[in-house]
A.B. asks: 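My structure is below; once you've seen it, I'll send some questions.
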Amino acid sequence: MVARRVVRSLQLILGTLYLWSLSAGHVMAQDRAALERYLHEVHALLQTDLCTHEDEARNLLAGSPVSQPNNPVSIPEGSLAQRLKQAVVMVVTPADSGSGFFVDKHHIVTNYHVVSSAGPEGVFVVGPGSAGIQRAEIVATLSGEGETASDFALLKVNGSPSPGFLPLAEGAAELDHVIAAGFPALVLGNDVGFRRFMKGDLSTLPDVILSRGSIMAIQNRKTAAPSIAHSASISGGSSGGPLVDACGRAIGINTFIRVDVKQASNTGYAIPAGPLIQFLKGQGIQPTIQTTPCTSN
């Protein structure tokens, strides 16, 4: 059920934007047009059953041009898991597979190395958010050499809009609790549905895998692609999936792991949201961005 605070916030925004519209002569034309569009979206959403549009309500609230006095609040685990299941997809090419996530209703981000081997057969995405399996177009990529290089790919699906996408947030800090979401092959090997899917049964979709951990360090801060070292379990197939905070915001994109066989340990690394936001904006994509800290519920 949608929190009453979300509904009250939407109603407050609606009233505030209405007052702004009355003084439209004091607002630049470009800003006024954006406010009017947002006003229409809030009004339309409030006419629906918000209990069935929780993610849409939260994402719309997160992108509000009205200053919010309260920080985002952590999401109950069940709601967070459901949000991730709607927003995270498996990215499949004839030679490789990985993960990705929606940043708006039609665009998905993943790692470039996940789709770099895509041939004429193209790229497909799989998951509830993509309405099963859909072909995806590679819109743009950004990559380099080494572990401190960018590793992004932007995909677009032209089918039904995704029912869920993730807002982005900068400001990750050491010891923050995080969740990694994706489709690691090591875990999926035990999923009967995944094995059937790989044999051609498209009626059985693999389940997104979630793991919890904390941020160990923010490394290489002054490079093009800093690294978030974290303890959430990831493995091959996790690449391109989101690293999210307790508020359900993507604070990074999982990209590689380091494994120490002698010590039987591994560490996951994610590129922070900052470079990802710059990449998306460079492609004309305006993701939902939240700038305030995530607080406990």
A.B. asks: Do Val125 and Ile108 make a side-chain contact, defined as non-hydrogen atoms from C-beta onward lying under 4.5 Å apart?
C.D. replies: yes
A.B. asks: Under a 4.5 Å cut-off applied to non-hydrogen side-chain atoms, are Leu84 and Ile179 in contact?
C.D. replies: yes
A.B. asks: Side-chain donor-acceptor pairs under 3.5 Å in residues 114-122, sequence neighbours left out?
C.D. replies:
from, atom 1, to, atom 2, distance (Å)
Ser116, OG, His113, O, 3.3

A.B. asks: Would a distance-only check, ignoring hydrogens and angles, find a side-chain to backbone donor-acceptor pair under 3.5 Å from Gln290 to Pro167?
C.D. replies: no
A.B. asks: Would you name the heavy atoms of Asn111 and Gly240 that are closest together and state the gap between them?
C.D. replies: OD1-N, 2.8 Å
A.B. asks: Assess whether side-chain contact (heavy atoms from CB on, under 4.5 Å) is satisfied between Val89 and Thr110, documenting all intermediate values.
C.D. replies: CA-CA 10 Å; Val89 296; Thr110 185; over 6 Å; no
A.B. asks: If you look only at pairs with a residue in residues 212-222, which of them pass as a salt bridge (charged side-chain N to carboxylate O under 4.0 Å, His left out), with sequence neighbours excluded?
C.D. replies: Glu77-Arg212, Glu174-Arg221
A.B. asks: Can you sort out the partners of Asp245 under salt bridge (Lys or Arg N to Asp or Glu O under 4.0 Å), two or more places apart, ordered by chain and number?
C.D. replies: Arg249
A.B. asks: For residues Ile289 and Pro287, determine if any side-chain heavy atom of one lies less than 4.5 Å from a side-chain heavy atom of the other.
C.D. replies: yes
A.B. asks: Which residues pass the side chain to side chain donor-acceptor pair (under 3.5 Å) test with Asp176, sequence neighbours left out?
C.D. replies: none
A.B. asks: Let me check something: do Leu166 and Leu280 share a hydrophobic cluster, defined by ILVMFWY side-chain heavy atoms less than 4.5 Å apart, either directly or through other members?
C.D. replies: yes
A.B. asks: Under the side-chain contact (heavy atoms from CB on, under 4.5 Å) test, which residues partner Gln278, sequence neighbours left out?
C.D. replies: none
A.B. asks: Which residues satisfy the ring-ring contact (aromatic ring centres under 6.0 Å, His included) test with Phe279, sequence neighbours excluded?
C.D. replies: Phe152
